[in-house]
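Naming convention: chains lettered A, B, ... in sequence-line order (proteins, then strands); numbering from 1 in each chain.
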Amino acid sequence: MPQITLPDGSNRDFDSPITVAAIAESIGPGLAKAALAGRVGGVLVDTSHAVDEDAEVAIVTERDKDGINILRHSCAHLMAQAVQRLFPKAQVTIGPVIEDGFFYDFAFERPFTPDDLAAIEKTMEAIVKEDLEVERSIMSRADAVAMFKDMGEAYKVEIIESIPGNEDLSFYKQGEFIDLCRGPHVPSTGKFKAFKLTSVAGAYWRGDADNEMLQRVYGTAWASKKDLKLYLQRLEEAEKRDHRKLGKQLGLFHFQEEAPGMAFWHPRGWTLYQTIQGYMRKVQQDQGYLEINTPQLVDYSLWEKSGHAAKFSEEMFSVESDNRMYAIKPMNCPCHIQVFNQGLKSYRDLPLRLAEFGSCHRYEPSGSMHGLMRVRSFVQDDGHIFCTEQQIQSEVADFMELLFAVYRDFGFDEVILCLSTRPEKRVGSDEIWDQAETALKEALNATGLPWELVPGEGAFYGPKIEYSLKDCMGRIQQCGTIQVDFFTPGALSAQYVAEDSSRKTPVMLHRAVLGSFERFIGVLIEQFGGAMPAWLAPEQAVILNITDKQSEYCQKLQESMKNKGFRVSADLRNEKIGFKIREHTLQKIPYLLVVGDKEVESGTVAVRKRRGEDLGAMTFDDFCMHLSQDVAQFGRSENSPSAEHPD
RNA sequence: GCUCGCAUAGCUCAGGCGGUAGAGCACUUCAUUGGUAAUGAAGAGGUCCCCGGUUCAACUCCGGGUGUGAGCUCCA
């Protein structure tokens, strides 16, 4: 005699166990038709699920976020069915939901082509028209293995054999297609209204590069054609913010074949770069860092001692000269230890914070390179803090504070935090690891922000926190990091004299706020869609004359602003004002200063912002004041990307 | 590194089922001195990524390479 409580608090009594579908029917035929699944006591179930005791029940439809995800998950099954109709030899593997869509991995004798995708999509539409019922069933492991073996589905057999425990498994069948799946799923294949297959790519079985490569087909599914269209438009908009595209349009940098993965910075891009570096130099000085500089080329033996050669020799560029082997430095820490090792250090010298804008080269796999986000030549705002174990906690806390202040200045409010803890292969005692992991955890908890624990992914020498930002396509880009290192200082003989006169090995904290300048600038460009806030804009203002008559006055203004430290140019070409405004607006220059006879007479400039906002005429001094104030507030508040979104 | 796609003027892109190519913008010259997102006219500009092969003939077809895009793997 189940009593069902609906989300609005009302109760319904039923004489016997009742399915979610029947509950929906009892509420109304419209809801019954829209029902994709149910939520019983907070757990998602199929509409065919029978409720046999008192429970809170909600009907899940496409208006529910879970409903959309179920739709996407079922759409992956729909696609798998279509693939097997067209290509009976294709084997199914896994097909999960991802952000905005789904994918399914197939094992097939040849890769799928774009034409295949179109055919698969057509077959999917046909199956939707067939409106096949989706039936859930339970099978024992033995029966399931036998069935999939019989079907020639070797991967499914492997999946079942790798699932621990002995409980029965659930299956979903629609027409001739059956798949092992936890569910829930939509009640029938007629429920799909809008989907699209978006791309094919290779993907390793079980994510292991030693395994065979499968064919992964990506798709997206929505509650309506309109939602699908909006999604595709959103993608198009995001693509306009692509830093590679904007880098070209705004003349910031370029890449060319002769230097794969290495940027050529142009005047404007380099101005941006230098502005950021100058800012970081200042904030680090304020935090007690001492800036140093170390060689690009260092004898290979140092990398052997530090342990890097053993692990990364394939990814290091090397140079032979004078019968000596050098590596182009892939990181700065061994060099920083050399600086530390000069002269005898006392515990009184600790913590010693060394910083370097260190240029590094790494031979990244060709397929992993991506614009500025993943390059072979980059500069880190690198720093190494030499300290005692007791100082770890406060140093980590200070670093976190610095990092968040910097990110806020750049307009990043959303930072993804991950803690990677001890891996199986590691150095150092468990007590020291406990201490270091606790220090990092406490620093993370102190932020009050959510963070993710990634067990076993720490470096062999210590745990680490990674700070990531999202790019225009929602991909996660790791920028900042702090890592506790118990190993490298000892490996390179770093020591200090302790209070009791004994020699001790310092702990080293590797840390970077921005990480690679290249990657950070890539993310920054995408964050602002190229419309950099005034403090970062390579050109903060451009002065435009109406006719030749005002040229001299414009040049005087430009000179005066340059002397005040602003980045300003003058466009004195014989072009119409509308033409010039269009051009500099497209270049996303924050302020356009129009000067005609009126302005010359009154000593003013007519100020227009890049989004078209007209600030009217103001005296030249007032404008300089305005710009100073804008610069002073960095990327915060009114300069946030949402307030200053381009176009 | 792996899978699939792409590579044509400075940029963005057309094009031809094999007969050495085109637009818009940019550039140069001339005219125009015009008040808030494109003034007009003329001109110049290409080893159709590179190396092989097939062919009377290859930018086009085939093979290899390089770069690049999406994804996978990796990321000290």
Side-chain angles (χ1 to χ4, degrees), chain A residues 98 103 105 110-114 116-117 198-218 239 242 244-245 248-249 251 254-261 303 306-316 329-334 360 362-371 373-374 376 380 457 459-461 464 466 473 475 478 481 483 485 487-488 510 515-516 519 544-551 572-586 592-599 606-614 616-617 647:
Chain A
I98 51 172
F103 68 75
D105 286 349
R110 64 166 178 83
F112 294 123
T113 64
D116 291 334
L117 281 202
T198 48
S199 65
V200 236
Y204 299 108
W205 167 236
R206 291 188 183 278
D208 185 337
D210 291 333
N211 289 341
E212 60 275 32
M213 187 161 262
L214 307 172
Q215 299 299 315
R216 175 170 297 180
V217 181
Y218 284 90
E239 275 167 28
D242 190 311
R244 292 164 298 191
K245 202 172 220 175
K248 212 179 263 184
Q249 278 169 11
H254 86 271
F255 288 92
Q256 65 184 54
E257 279 198 27
E258 288 81 353
W303 308 105
S306 73
H308 290 103
K311 213 172 166 208
F312 295 108
S313 64
E314 299 273 292
E315 287 80 34
M316 282 159 64
K329 71 174 170 184
M331 55 186 333
N332 306 299
C333 44
C360 296
R362 296 178 183 175
Y363 184 80
E364 299 286 358
S366 57
S368 66
M369 289 192 291
H370 179 91
M373 306 296 193
R374 186 84 177 266
R376 288 184 174 160
Q380 283 177 310
E457 289 299 307
F460 68 94
Y461 52 69
K464 62 179 175 186
E466 290 181 344
M473 299 304 288
R475 288 173 293 224
Q478 192 229 304
T481 186
Q483 313 185 358
D485 187 347
F487 171 73
T488 319
H510 305 246
S516 127
R519 177 178 301 161
L544 314 173
N545 59 345
I546 301 283
T547 73
D548 286 347
K549 269 190 279 177
Q550 304 92 30
S551 293
L572 307 178
R573 291 175 301 171
N574 173 17
E575 297 290 353
K576 288 188 163 182
I577 193 67
F579 178 86
K580 293 186 193 178
I581 283 178
R582 176 181 159 78
E583 222 169 58
H584 298 291
T585 301
L586 290 174
L592 310 186
L593 310 181
V594 177
V595 175
D597 287 338
K598 277 188 289 186
E599 286 75 20
V607 182
R608 181 187 162 110
K609 296 184 83 170
R610 65 186 148 204
R611 296 188 66 210
E613 190 187 346
D614 188 357
D647 303 319

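- Atom CG of A/Asp548 sits about 6.0 Å away from atom CG of A/Asn574, to the nearest 0.5 Å.
- For A/Arg573, the salt bridge (Lys or Arg N to Asp or Glu O under 4.0 Å) test picks out A/Asp571, A/Glu583, with sequence neighbours left out.
- Within the 4.5 Å cutoff, the side chain of A/Arg362 has no heavy atoms near those of the A/Phe312 side chain.
- With rounding to whole Å, A/Phe579 atom CZ is found 17 Å from B/U33 atom P.
- B/C25 and B/G45: their C1' atoms are spaced 14 Å apart (whole Å).
- Atom CG of A/Asp116 and atom C1' of B/G5 are 14 Å apart (whole Å).
- Atom CD in A/Glu575 sits about 14 Å away from atom C1' in B/U29, given to the nearest Å.
- When the C1' atom of B/U33 is taken as reference, atom CG of A/Asp597 falls 11 Å away, rounded to whole Å.
- When heavy atoms are screened at a 4.0 angstrom cut-off, A/Pro111 is found touching the sugar-phosphate backbone but no base atom.
- Within the 4.0 angstrom heavy-atom criterion, only backbone atoms of the sugar-phosphate kind lie near A/Tyr461; the bases stay farther away.
- Separation of the C1' atoms belonging to B/U32 and B/G69 is 45 Å when rounded to the nearest angstrom.
- Only the C1' atoms considered, B/G34 is 8 Å distant from B/U39, to the nearest whole Å.
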*Determine, for nucleotides 11-16 of chain B in 5'-to-3' order, which nucleotides have protein heavy atoms under 4.0 Å from the base (write B), from only the sugar-phosphate (write S), or from neither (write -).*
SS----

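- With C1' as the reference atom, B/U36 and B/U12 are 27 Å apart, rounded to whole Å.
- Using a 4.5 Å cut-off on side-chain heavy atoms (C-beta onward), A/Cys333 and A/His308 make contact.
- When rounded to the nearest whole Å, the span between NE2 of A/His584 and C1' of B/G35 equals 15 Å.
- Looking at every heavy atom in both residues, A/Pro330 comes nearest to A/Trp303 through CD-CH2, 3.6 Å.
- In this structure, NZ of A/Lys549 is placed 11 Å from P of B/U33, rounded to the nearest angstrom.
- Between A/Asn545 and A/Leu572, the closest heavy-atom pair is OD1-CA, 3.4 Å.
- Taking the C1' atom of each, B/G16 and B/C48 are spaced 12 Å apart, rounded to whole Å.
- Remark: A/Arg608 is not in phosphate contact with B/G35, judged by side-chain N or O atoms under 4.0 Å from OP1 or OP2.
- With a 4.5 Å cut-off on side-chain heavy atoms, A/Arg374 and A/Arg519 count as touching.
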*Starting at the 5' end of nucleotides 60-71 of chain B, put B wherever the base has a protein heavy atom under 4.0 Å, S where only the sugar-phosphate does, and a dash everywhere else.*
------BSSSSB

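- A/Leu592 CG to A/Leu544 CG: the interatomic distance, rounded to the nearest 0.5 Å, is 5.5 Å.
- Between the side chain of A/Arg374 and the base of B/C75, at least one donor-acceptor pair of N or O atoms lies under 3.5 Å.
- Residue A/Lys598 places its side chain closer to B/G35 than to any other of B/A76, B/G35, B/A37.
- The side-chain heavy atoms of A/Phe255 and A/Met369, taken from C-beta on, include no pair separated by under 4.5 Å.
- In A/Glu314, the CD atom is not crowded: 12 or fewer heavy atoms of neighbouring residues, nucleotides or ligands sit closer than 6.0 Å.
- Of all the heavy atoms in A/Asn332 and A/Gln380, the pair that sits closest is ND2-OE1, 3.4 Å.
- Between the CD atom in A/Gln550 and the NZ atom in A/Lys598 there is a gap of 11.5 Å [rounded to 0.5 Å].
- With A/Asp105 as the partner, the side chain to side chain donor-acceptor pair (under 3.5 Å) test is satisfied by one option alone out of A/Arg206, A/Arg216, A/Gln215: A/Arg216.
- Considering only residues two or more places apart in sequence or on other chains, A/Arg244 meets the salt bridge (Lys or Arg N to Asp or Glu O under 4.0 Å) condition with A/Asp242.
- Distance, A/Glu314 CD to B/C75 C1': 14 Å, rounded to whole Å.
- Counting non-hydrogen atoms under 4.0 angstrom, A/Lys329 reaches nothing in the nucleic acid.
- Separation of the P atoms belonging to B/C17 and B/C27 is 36 Å when rounded to the nearest angstrom.
- Distances shorter than 4.0 Å separate none of the side-chain N or O atoms of A/Lys580 from OP1 or OP2 on B/G35.
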*Dot-bracket summary - RNA chain B, pairs being Watson-Crick or G-U whose distances fall under 3.5 Å, with | when paired to another strand*: (((((((..((((.....[..)))).(((((.......))))).....(((((..]....))))))))))))....

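- A 4.5 Å side-chain heavy-atom check between A/Arg475 and A/Met373 finds every atom pair outside the cut-off.
- Residues A/Pro260 and A/Arg376 share a closest heavy-atom pair of O-CD, 3.8 Å.
- When the P atom is compared between B/G40 and B/A7, the two are found 33 Å apart, to the nearest whole Å.
- For the pair A/Glu599/A/Val594, no side-chain contact is recorded, criterion being any heavy-atom separation below 4.5 Å from C-beta on.
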Report all interatomic pairs (protein N or O, nucleotide N or O of nucleotides 30-32 of chain B) with separations under 3.5 Å.
| unit_1 | atom_1 | unit_2 | atom_2 | d |
| --- | --- | --- | --- | --- |
| B/U32 | N3 | A/Asn574 | ND2 | 3.1 |
| B/U32 | O4 | A/Asn574 | ND2 | 2.3 |

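- Residue-to-nucleotide contacts include no donor-acceptor pair under 3.5 Å from the side chain of A/Asp614 to the base of B/U36.
- When each of B/G34, B/G1, B/A76 is scored by its nearest atom to the side-chain atoms of A/Thr547, the top-ranked nucleotide is B/G34.
- Of the residues near RNA chain B, A/Gly578 and A/Ala209, the one whose nearest nucleotide (by heavy atom distance) lies more toward the 5' end is A/Gly578.
- Contact annotation for A/Glu599: base contact, defined as any heavy-atom pair under 4.0 Å involving a base atom.
- Within 4.0 Å (heavy atoms only), A/Gln483 reaches sugar-phosphate atoms of the nucleic acid but no base atom.
- Rounded to whole Å, the separation between the C1' atoms of B/G10 and B/C51 comes to 26 Å.
- Residue contacts for A/Ile546: at a heavy-atom cut-off of 4.0 Å it reaches a base atom on one of the strands shown.
- In the interface, the side chain of A/Arg611 is not paired with the base of B/A37 through any donor and acceptor atom under 3.5 Å apart.
- Distance A/Tyr204 OH to B/C74 P: 9 Å, rounded to the nearest Å.
- Using a 4.0 Å heavy-atom cutoff across all strands shown, A/Gly307 reaches no nucleic acid atom at all.
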